[in-house]
Amino acid sequence: VHPIVAIHVRRGDAKLETVYHPLEKYFEQAQRFFLSTLCSKDCNGRRRVFLMSDSRSIFEEASRKYVSEYEILSVDEGRAMRSWHVPEDNALAISDVML
């Protein structure tokens with residue numbers, strides 16, 4: 001069993017719709033999930049998080065704070081704030097699904 005928790009942290013225009021939540025709150029929920037599932041006993045120590053955001057700083061913060069506890073997956077590669085309508089990014093959307 002190797003579940004992946006998907007976290008989508010919106011910044012950008014989300015401030016018009018809702019309040020920002022600190023990244024810690026997202027990872028607290030991920031931790032609760034991992035502790036409440038079979039993964040707490042049968043993940044071979046692997047806790048994978050697929051992180052999505054429109055803010056480069058979220059990826060940097062996650063790398064600083066959580067890389068020792070979680071395997072952080074992403075297809076961002078500097079694409080934060082770019083449109084998914086860019087042709088080469090269509091392949092990235094497909095890899096999102098395939099993970």
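- Contact between F50 and S74 at its shortest, heavy atoms only, is CE1-CA, 4.1 Å.
- Q29 pairs by the side chain to side chain donor-acceptor pair (under 3.5 Å) definition with nothing, not counting sequence neighbours.
- The structure places CG of L23 at 9.5 Å from CZ of R64, a figure rounded to the nearest 0.5 Å.
- Y70 meets the side chain to side chain donor-acceptor pair (under 3.5 Å) test with Q31; sequence neighbours excluded.
- Summarising the geometry of A30 relative to V5, their closest heavy-atom pair is CB-CG1, 3.9 Å, with the distance given to 0.1 Å.
- No side-chain donor-acceptor contact under 3.5 Å links D54 to the backbone of R10.
- Residues meeting the side chain to side chain donor-acceptor pair (under 3.5 Å) test with E71, sequence neighbours left out: R46.
- For the pair F27/I7, a side-chain contact is recorded, criterion being any heavy-atom separation below 4.5 Å from C-beta on.
- In this structure, E24 and E61 have side chains that are in contact, with non-hydrogen atoms separated by less than 4.5 Å.
- Side chains of V49 and I4 form no contact here, defined as non-hydrogen atoms less than 4.5 Å apart.
- From M52, atom CE reaches atom CD1 of I58 across 12.5 Å, with rounding to the nearest 0.5 Å.
- In this model, no donor atom of one side chain and acceptor atom of the other lie less than 3.5 Å apart for S53 and S55.
- For Y26, the ring pair (Phe, Tyr, Trp, His ring centres under 6.0 Å) criterion is met by no residue, not counting sequence neighbours.
- The side chain to side chain donor-acceptor pair (under 3.5 Å) check on K25 picks up nothing, with sequence neighbours excluded.
- Shortest non-hydrogen contact noted between R47 and E69 is CB-O, 3.9 Å.
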